[in-house]
Amino acid sequence: MATPAENPQTGAGLDRQRVITDLAAQLARTPRATRPHEHGALAYRLGLAYAEAPGGSPEAGMRKALTYFDAAAALFDPRFDPIEHARVLNGAGAARRALGERERAVELFERAAGLLEGQGRDDERAGVLNNLGLARSELGRLGEAVVACDEAAQLFDTDSAEGRRGRIAALHTRGSARAALGTDESLEAALADFRQAADELDPEEAPYHHGLVQHSLGVTYSGLATRRPEERSRLLQEAIAAFEESLTVFTRQAFPFQHALVKHNLGLAWSGRGGLTHQRRALASFEDAVSMFDPRMHADAWRQSYASLERTEKELESLAAGMTRTEHFVALLTAVGAEERHGLLQGRLTALLALPANRRRSSLTELAVASAKLEFEEARVVMEAEMEILIELPTELLEPGLRARFDANRRLESEEARFSADRALDQAIGDALQGPQRISVRDYFYSLGWERP
């Protein structure tokens, strides 16, 4: 499956649109004939703004950007304005690459890198060379990509934060090109690049790069695991640790596409380890990925994730027949430690609470019923984690979660089962919550007609 994008879209759409409006007004007030350099600089900046603008049609934004880059390129003579002309070519190359016109992008990046050579702009040239490496990689020109990235990694000035991030990006691009070669030797070389990048970067200074590098480490460890059966378990465990570290950056809220991508690859790693609990971990990861990919925008990724989900369900049917996905998830919660249980349940509750009201209520209740049916001690530990998570939420999310728990306990068929579930709930409230919280939650249940066992 694909790698997360190198440059995530960030920033507010309204701010970007305001920048575009302001720049367009300045451009209209700056005569091309009498003030060509100022006009060209504004056209270049306007091209960048359109290329980076969130919302709308990405293709339309890139096409618009190219019209301004073309206008700027015509005003900056490469003989007399090599730096300015190179910047425009780099912007145009990035737009062409985004549009899938990779051959053209490579040509533009190569020309830009040539113009910047010997101009005392090493960081800028390094950035262009990294872009060149990316475009060459996408064309399958992997050896040439490595050459471009070799030079880029050496040119970045690591005394500045921007230079350090640039070098990390170049190491990552080089590692990705090497990994794509697919041999044992190239995968080991890729692993060395990604480890070097991980060692050099500061996660607080470059969080996105940290997530990206950790994801690539996970993919590379997984690739080596398929080639080395004797080391499979260790390599997959390394992959899992890297994917989980990546998810500390690529969260569901901040980076939904990247989060789904990492979740799918994490699921593959868990599935590769085999066994009932690992297969349940894989199923949970695939469920998250499928729920987050938009099948219209990310059709291939969604299909791959859904195929992985179905394959894992069949495997689980052979291991524990007749269980639903939700029942497998709850069984997983009882099989893992407290920290993992809390993380899994928090992720699932967060996703369900974000659903429209009717689906939210039915999905939350289905999850709660599955845990209410457990034996007392297993039900208690799941409910305890549930209470710890829900109590930290705002009232508008806390109450639907508590209501689902009340409804679930009431849906149990026998009086004995309902009593056991209510007893587990009462003890979970006592174990998970502090004095005022206990009173508040119990009062809410009392208002629904709950009787403390």
Side-chain angles (χ1 to χ4, degrees), residues 3-11 41 44-45 47-49 51-52 76 81-95 97-98 105-106 108-138 144-179 189-217 245-246 248-250 255 258:
T3 298
E6 299 82 13
N7 297 303
Q9 280 194 344
T10 57
Y44 167 65
R45 290 172 59 196
L48 290 177
E52 296 169 2
F76 293 127
D81 308 303
I83 294 171
E84 291 80 2
H85 194 83
R87 289 170 179 164
V88 175
L89 294 180
N90 186 49
R97 177 174 168 249
V106 165
L108 291 166
F109 292 139
E110 287 175 343
R111 286 168 55 196
L115 286 170
L116 288 169
E117 189 169 7
Q119 298 294 330
R121 300 279 180 167
D122 284 354
D123 269 21
E124 285 193 64
R125 186 163 186 269
V128 173
L129 287 167
N130 183 58
N131 287 340
L132 177 59
L134 289 166
R136 284 175 173 174
S137 290
E138 291 165 351
E144 294 176 61
V146 169
V147 170
C149 293
D150 282 341
E151 189 172 4
Q154 294 169 9
L155 286 174
F156 279 112
D157 179 6
T158 55
D159 287 338
S160 70
E162 186 176 355
R164 288 190 291 273
R165 285 192 294 268
R167 175 172 162 80
I168 298 304
L171 290 171
H172 181 266
T173 304
R174 187 173 70 184
S176 298
R178 286 171 165 165
L191 206 56
D193 278 336
F194 297 140
R195 284 171 173 161
Q196 185 177 356
D199 289 343
E200 290 186 16
L201 67 77
D202 180 343
E204 293 186 4
E205 182 178 83
Y208 188 84
H209 290 80
H210 179 62
L212 193 64
V213 167
Q214 290 298 322
H215 177 259
S216 294
L217 275 168
E245 180 63 24
S246 180
T248 64
V249 176
F250 294 146
F255 298 100
Q258 289 85 352

Check your understanding: How would you list, by chain and number, every residue that makes a side chain to side chain donor-acceptor pair (under 3.5 Å) with E144, sequence neighbours excluded?
Key -> R141

Review point. Between atom CZ of R178 and atom SG of C149, what is the distance when rounded to the nearest 0.5 Å?
Key: 9.0 Å

Point to revise | Closest heavy-atom pair and its distance - F156, A170 | key: CE1-CB, 4.1 Å

Point to revise | Check: A113 main-chain N/O paired with R125 side-chain donor or acceptor under 3.5 Å | key: yes

**Study point:** N130: side chain to side chain donor-acceptor pair (under 3.5 Å) partners, not counting sequence neighbours
**Key:** T173

Check your understanding: Are the side chain of D123 and the backbone of D157 linked by a donor-acceptor contact shorter than 3.5 Å?
Key -> yes

Check your understanding: Within a strict 4.5 Å, meaning less than it, do heavy atoms of the P82 and F76 side chains meet?
Key -> no

Exercise for review: Please report the C-alpha distance between R164 and L201 in whole Å, then the side-chain angles of each, then the deciding distance to 0.1 Å, and finally whether the side-chain contact (heavy atoms from CB on, under 4.5 Å) criterion is met.
Suggested key: CA-CA 7 Å; R164 288 190 291 273; L201 67 77; over 6 Å; no

Practice item. Could you verify whether a donor N or O on one side chain and an acceptor N or O on the other, from E84 and Y44, lie under 3.5 Å apart? Key: no

Review point. More than 12 foreign heavy atoms under 6.0 Å from CD of E205: is that the case here?
Key: yes

**Study point:** Rounded distance (nearest 0.5 Å) linking atom CG of L89 with atom CG of L115
**Key:** 6.5 Å

**Study point:** Validation row: V88, H85 side chains within 4.5 angstrom (heavy atoms)
**Key:** no

Review point. Yes or no on side-chain contact (heavy atoms from CB on, under 4.5 Å) for D193 and H172, after CA distance, side-chain angles and deciding distance?
Key: CA-CA 7 Å; D193 278 336; H172 181 266; over 6 Å; no

Exercise for review: Considering only NZ, NE, NH1 and NH2 on the basic side and carboxylate oxygens on the acidic side, decide whether E110 and R136 come within less than 4.0 Å.
Suggested key: yes

Review point. Taking all atoms of both residues into account, what is the closest heavy-atom pair of P207 and V249, and its distance?
Key: O-CG1, 3.2 Å

Check your understanding: Mind checking what makes side chain to side chain donor-acceptor pair (under 3.5 Å) contact with D81, not counting sequence neighbours?
Key -> H37

Check your understanding: Under 6.0 Å between the ring centres of H215 and F250?
Key -> no

**Study point:** N90/F109 under side-chain contact (heavy atoms from CB on, under 4.5 Å): CA gap, chis, key distance, verdict
**Key:** CA-CA 6 Å; N90 186 49; F109 292 139; 3.3 Å; yes

Review point. Rounded to the nearest 0.5 Å, what separation is found between the OG atom of S246 and the CG atom of L217?
Key: 9.5 Å

Check your understanding: In terms of side-chain geometry, is the basic nitrogen of E124 or R87 positioned less than 4.0 Å from the acidic oxygen of its partner?
Key -> yes

Practice item. Grab the two heavy atoms, one from S137 and one from A145, that are nearest each other, plus how far apart they are. Key: OG-CB, 3.2 Å

Exercise for review: Kindly compute the distance separating CZ (R167) from OG1 (T158), expressed to the nearest 0.5 Å.
Suggested key: 7.0 Å

Check your understanding: What pair of heavy atoms forms the shortest contact from A92 to L108, and how long is it?
Key -> C-CD1, 3.8 Å

Check your understanding: So E204 and H210, side-chain contact (heavy atoms from CB on, under 4.5 Å) or not? Walk me through it.
Key -> CA-CA 9 Å; E204 293 186 4; H210 179 62; over 6 Å; no

Review point. Is E138 salt-bridged to R97, cutoff N-O under 4.0 Å?
Key: yes

Review point. Under the criterion side-chain contact (heavy atoms from CB on, under 4.5 Å), which of I168, L171, V213 is the partner of Q196?
Key: L171

